[in-house]
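Please read the structure below before turning to the comments.
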Amino acid sequence: MGTLVIPPKNKAEVNARFSGVVETLASDVGDSVKAGDVIAKIQSNDSLQTYIVKAPISGTVVSRNVNVGQLVTSETLYKIVDAETLWAELKVFPSKRDTIKQGSYIHIKKGSRQQDAKVKFLIPSGSLEPYQIAIVEITNTEGEFSPGDMVTGVVDAQKVDVSLRVENEAIQSMDGNSVVFLNDGNTFQAVPVELGIKDDNFTEVKRGLIAGQIYVSKNSFLIKADLEKSGASHAH
């Protein structure tokens, strides 16, 4: 288990270089900015010249701490964060240290959302607690995850190449056989399959399908229900 956080390099506090009076504030909370954008203008107390303040990173303004006309010295003008990349900080207890290494394949899960990644590095807990912290970097360009989310990390014990696989949700049971529904235009065909190894996402198909065939994964159980209902009506 662990928590999503913003990487240190993706956070910035923007300060005035010299004390002075705020003339212009170009951004507000919630605004997106690009690195190098002018976000404030301040008139220096010493030179009475106006200087500009630029965004040091791209991201979202999450805090604006001053107003136009305010005298500033060392105050933080803005806080900017970039949440398009997040770190999952996962606790690794002694019983798991032998199987979790830097570079280990790992699946970060939050509810129905999942992202596959690798362990970026392992660091000490920073306290006397008997665990290490596994840092896993994930992309968040679609905003599916949020800093502070509690997540689960599932580590692959081993990685095995198979010649053919289908998504687990594609597999249904009919008449005591495992089947996969092939999609041929507007018709569906239940094909018996011989299965092999599986993980949380995929199952190996040893016999029954060939590569390139189009099969139904999501909501395949609805097709099964329709077929069973149709068969029952016909028998009646």
Side-chain angles (χ1 to χ4, degrees), residues 1-4 83-88 90 92 95-96 98-120 134-236:
M1 303 295 294
T3 307
L4 295 182
E84 289 194 354
T85 301
L86 296 174
W87 280 0
L90 307 171
V92 180
S95 61
K96 302 296 184 183
D98 290 339
T99 57
I100 301 176
K101 306 292 183 182
Q102 181 175 341
S104 294
Y105 289 94
I106 190 166
H107 312 287
I108 301 300
K109 297 186 175 184
K110 168 65 176 177
S112 61
R113 301 183 183 96
Q114 175 178 307
Q115 188 168 138
D116 300 334
K118 291 183 180 181
V119 175
K120 191 175 179 67
I135 302 296
V136 181
E137 187 170 277
I138 65 172
T139 58
N140 190 41
T141 53
E142 300 299 323
E144 294 183 317
F145 300 94
S146 296
D149 280 349
M150 298 296 294
V151 295
T152 301
V154 179
V155 181
D156 288 342
Q158 60 178 330
K159 192 174 179 69
V160 179
D161 292 327
V162 298
S163 59
L164 194 64
R165 70 179 188 180
V166 295
E167 295 178 57
N168 290 341
E169 61 183 339
I171 301 168
Q172 299 295 330
S173 179
M174 295 186 69
D175 299 325
N177 296 316
S178 295
V179 301
V180 171
F181 294 105
L182 295 183
N183 186 354
D184 183 13
N186 294 323
T187 62
F188 301 96
Q189 178 186 2
V191 177
V193 290
E194 180 183 342
L195 305 176
I197 59 174
K198 65 180 295 185
D199 61 15
D200 288 347
N201 304 297
F202 297 99
T203 297
E204 177 189 12
V205 177
K206 292 184 174 180
R207 189 176 294 110
L209 300 178
I210 59 175
Q213 290 180 303
I214 299 175
Y215 69 93
V216 180
S217 56
K218 189 175 182 179
N219 295 332
S220 63
F221 65 92
L222 295 177
I223 299 175
K224 173 187 174 182
D226 285 343
L227 289 176
E228 290 179 336
K229 181 178 179 180
S230 174
S233 298
H234 180 71
H236 178 72

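If you're wondering where the values come from, they're calculated on a predicted model, not measured in any experiment.
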Distance-only donor-acceptor pairs under 3.5 Å for side chains of residues 209-216, two or more places apart:
residue	atom	partner	partner atom	Å
Gln213	OE1	Ile210	N	2.8
Tyr215	OH	Glu167	N	3.1

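When each of Val136, Leu86, Thr139 is tested with Gln115 by the rule side chain to side chain contact (heavy atoms under 4.5 Å, CB included), just one qualifies, namely Thr139. The side chain to side chain contact (heavy atoms under 4.5 Å, CB included) test with Leu90 singles out one residue from Ile108, Thr3, Ile100, and that residue is Ile108.
Residues Ser220 and Glu169 bring no donor and acceptor atom of their side chains to less than 3.5 Å of each other.
When every heavy atom of Ala88 is checked against every heavy atom of Val151, the shortest pair comes out as CB-CG2, 4.3 Å. In terms of heavy-atom proximity, Phe145 sits nearest to Ile138 at CD1-CD1, 4.0 Å. Summarising the geometry of Val119 relative to Ala134, their closest heavy-atom pair is CG1-CB, 4.2 Å, with the distance given to 0.1 Å. Residue Ala190 comes nearest to Met174 through the heavy atom pair CB-SD, 4.3 Å, listed as atom of the first residue, atom of the second, then distance.
Atom OG of Ser163 is separated from atom NZ of Lys206 by 10.0 Å, given to the nearest 0.5 angstrom.
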Step by step, work out the side chain to side chain contact (heavy atoms under 4.5 Å, CB included) result for Asn168 and Lys198. CA-CA 8 Å; Asn168 290 341; Lys198 65 180 295 185; 4.1 Å; yes
Could you walk me through whether Val162 and Ile197 pass the side chain to side chain contact (heavy atoms under 4.5 Å, CB included) test, one step at a time? CA-CA 9 Å; Val162 298; Ile197 59 174; 4.2 Å; yes
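Evaluation of the side chain to side chain donor-acceptor pair (under 3.5 Å) test over residues 173-183, restricted to residues two or more places apart or in two chains, returns none. Counting only residues at least two apart or in different chains, side chain to side chain donor-acceptor pair (under 3.5 Å) contacts with residues 100-112 comprise His107-Asp116, His107-Asp156, Lys109-Asp200.
Residues Gln172 and Phe181 meet the side-chain proximity criterion, which asks for heavy atoms closer than 4.5 Å. Side-chain contact between Ile106 and Val154 is absent, with no heavy-atom pair separated by less than 4.5 Å. Within the 4.5 Å cutoff, the side chain of Thr85 has heavy atoms near those of the Glu137 side chain. Contact annotation: the side chain of Arg113 approaches that of Glu144 to within less than 4.5 Å [non-hydrogen atoms, C-beta and beyond]. Two residues are said to be in side-chain contact when any heavy atoms from C-beta on lie closer than 4.5 Å; Val179 and Val191 fail this criterion.
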